[in-house]
Amino acid sequence: MHFDPATAPSVVRTNARTPETPEPSHRDDWDSQPEHLVILVNGLFGSVRNWRAIDNAIRSRAKKESRRVLVHSTRANSYFQTFDGVDVCSERLASEVLAIVEANRSLKNISVIGHSLGGVLARHALSRLYREDGTIAGLTPLQYITLATPHVGVSPTSPSALPFLEWIGGREERLLGNRFQPVKKTLATISPYVGSLAIRRTGSQLFLTDTDGSAGRPLLIDMALNQRFLAPLKAFRRRVAYANVSGDHLVAWQGSALARLHESSPTEDDIFQTGRGVLLSRLEGDIEMSSERNGNTRQSIPEADSQHDELVSSLRSVGAWDRVDVCFPSSEKALELETYHATMPLVRLSIPLISSLTHNHIQVTHPVVNWRGLHVVEHLVENLNM
């Protein structure tokens, strides 16, 4: 991808605030010559505002430790723009990253954090920014981190199907039993068409009904198997997948955790034994090693027996991943959240419907509503290599 600084959007010198042009990054004396660029990529119908909690937490730690970190919440794809398709969004994202790098010549390293669709957009954009010397836009890649990302799409015929399709009609199913199954099957069948109508090209790509990948295959399948997309992923020193174990209505644990069919998610008791609401496991190619669950034991993983397993195995073949299984307390007193008060408003909403918005809790998308996810923010920032 050719990059012309003369035509690229200016990061420092412009006051324009359009989705295509990044705002000047906030600076303090301690980061006047930043060396580590941390890119935050929002998900579907998201915006820069969704990153306030994580952005503030990273900045706070960097300032405290005098780290030269530049945190940039991307603006290239906001709200309805995220419906334009993964490939189109990634092109805008790549241009924005290049502009930031061009405007900050002191940068040496890069890390990327994506929420939901943002993790997919980031991975596609990285294929545009990757160079043969193993760098990303000329920077050393350090960490690729995803939060509840549908890495292999949400096809209704796969284990990574939209979870809420299984939740629909729970009361009716209990009353009618198997007689309600045809209704659920119909909903699953029409969901890709509804998705394509509602969120346009992005919808067809997430449901794997497009032909935008190489040889006419779905783009997300191509992204999981094609070396063009795997090479930049492999270049990162650390890859992390945060996954909601339950309660996420949009992204299934199997997809966000890069879990194969034979792997089961940990229970809430397993996770809260750590006292943090998060559980770290190590995924190393065809070997799984869980230091917190299995006492450093290793278990061989069999050959792929489905398309889902094939895609997951391919993504795991690039090297070790850290998988962080996340669970949220069932009541307000189940977990004490005593850190990062600066990012948390004094007023916390605690309504049953709001408390179940797990997909956004993991990012603390809206601090007033999603404050339950602050322990995830704490874990992410504490373990971020700066």
Side-chain angles (χ1 to χ4, degrees), residues 1-27 31 34-52 54-55 58-59 69-131 135-147 149 201-202 205 219 223 228-229 232-233 235-236 363:
M1 178 179 177
H2 176 68
F3 172 62
D4 183 359
T7 61
S10 172
V11 178
V12 176
R13 298 181 179 82
T14 182
N15 291 320
R17 295 186 178 185
T18 65
E20 293 80 14
T21 305
E23 295 178 348
S25 298
H26 171 75
R27 293 188 181 282
D31 71 343
E35 297 181 353
H36 184 187
L37 174 62
V38 178
I39 295 291
L40 308 178
V41 188
N42 60 267
L44 193 69
F45 207 71
S47 74
V48 62
R49 295 174 61 85
N50 302 152
W51 289 109
R52 285 174 295 177
I54 291 178
D55 185 307
I58 295 175
R59 290 180 187 275
V69 177
L70 174 60
V71 185
H72 180 75
S73 302
T74 57
R75 294 157 172 79
N77 301 294
S78 299
Y79 304 115
F80 290 105
Q81 287 181 310
T82 59
F83 297 179
D84 293 342
V86 171
D87 46 351
V88 174
C89 292
S90 75
E91 184 173 2
R92 293 194 292 248
L93 175 58
S95 296
E96 181 173 353
V97 173
L98 285 169
I100 294 292
V101 174
E102 179 66 22
N104 297 273
R105 298 298 184 92
S106 60
L107 290 170
K108 298 178 181 178
N109 306 312
I110 185 171
S111 294
V112 180
I113 305 174
H115 173 243
S116 191
L117 176 68
V120 177
L121 299 184
R123 192 148 50 84
H124 198 289
L126 291 171
S127 72
R128 300 174 181 271
L129 300 169
Y130 181 69
R131 299 180 181 177
T135 63
I136 302 294
L139 307 179
T140 300
L142 297 185
Q143 296 146 114
Y144 168 77
I145 302 173
T146 61
L147 303 168
T149 287
R201 288 189 71 238
T202 300
Q205 290 169 350
L219 181 60
M223 290 175 61
R228 170 192 168 197
F229 300 100
L233 197 56
F236 281 87
Q363 183 198 23

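Numbering of residues begins at 1 and proceeds along the displayed sequence.
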Beyond-backbone contact of Arg59 with Asp55, side-chain heavy atoms, under 4.5 angstrom
yes
If we only count heavy atoms from C-beta on, is the Tyr144 to Leu126 side-chain gap below 4.5 Å?
yes
How far does CD1 of Ile136 sit from CG of Leu233, to the nearest 0.5 angstrom?
9.5 Å
Close side-chain approach of Val120 and Gln205, heavy atoms under 4.5 Å:
no
Mind telling me whether Phe229 and His124 have parallel, tilted or perpendicular rings, with 30° and 60° as the class edges?
tilted
Scanning both residues in full, the closest heavy-atom pair of Ala137 with Val101 reads O-CG1, 3.7 Å
With a cut-off of 6.0 Å (strictly less than), are more than 12 heavy atoms of other residues, nucleotides or ligands near CZ of Arg228?
yes
Asn77 side chain near Leu117 side chain, heavy-atom distance below 4.5 Å
no
Quick one: sort the Tyr79 and Phe45 rings into parallel, tilted or perpendicular, breaks at 30° and 60°.
perpendicular
Nearest heavy-atom neighbours spanning Pro34 and Val69:
CB-C, 4.3 Å
Go through the steps for Leu129 and Ile110 under the test side-chain contact (heavy atoms from CB on, under 4.5 Å), then give the verdict.
CA-CA 11 Å; Leu129 300 169; Ile110 185 171; 5.7 Å; no
What I'd like to find out is whether the side chain of Leu40 reaches to under 4.5 Å of the side chain of Val38, using heavy atoms alone.
yes
Leu121 versus Val86, closest heavy-atom pair with distance
CD2-CA, 3.7 Å
Taking the side chain as every heavy atom from C-beta outward, state whether Asn50 and Ser47 have any pair of such atoms under 4.5 Å apart.
yes
Note: Asp87 and Arg128 closest approach over all heavy atoms is O-NH2, 3.2 Å
Hey, could you give me the CZ/OG distance between Arg92 and Ser78, rounded to the nearest 0.5 Å?
9.0 Å
Heavy-atom side-chain proximity of Phe236 to Leu142 below 4.5 angstrom
no
Does a side-chain heavy-atom distance below 4.5 Å link Ile113 with Ile58?
yes
Minimal heavy-atom distance between Gly119 and Thr146, with the atoms involved, is CA-CG2, 4.0 Å
State, to 0.1 Å, how close Ser116 and Gly43 come at their nearest heavy-atom pair, and which atoms those are.
CB-CA, 4.5 Å
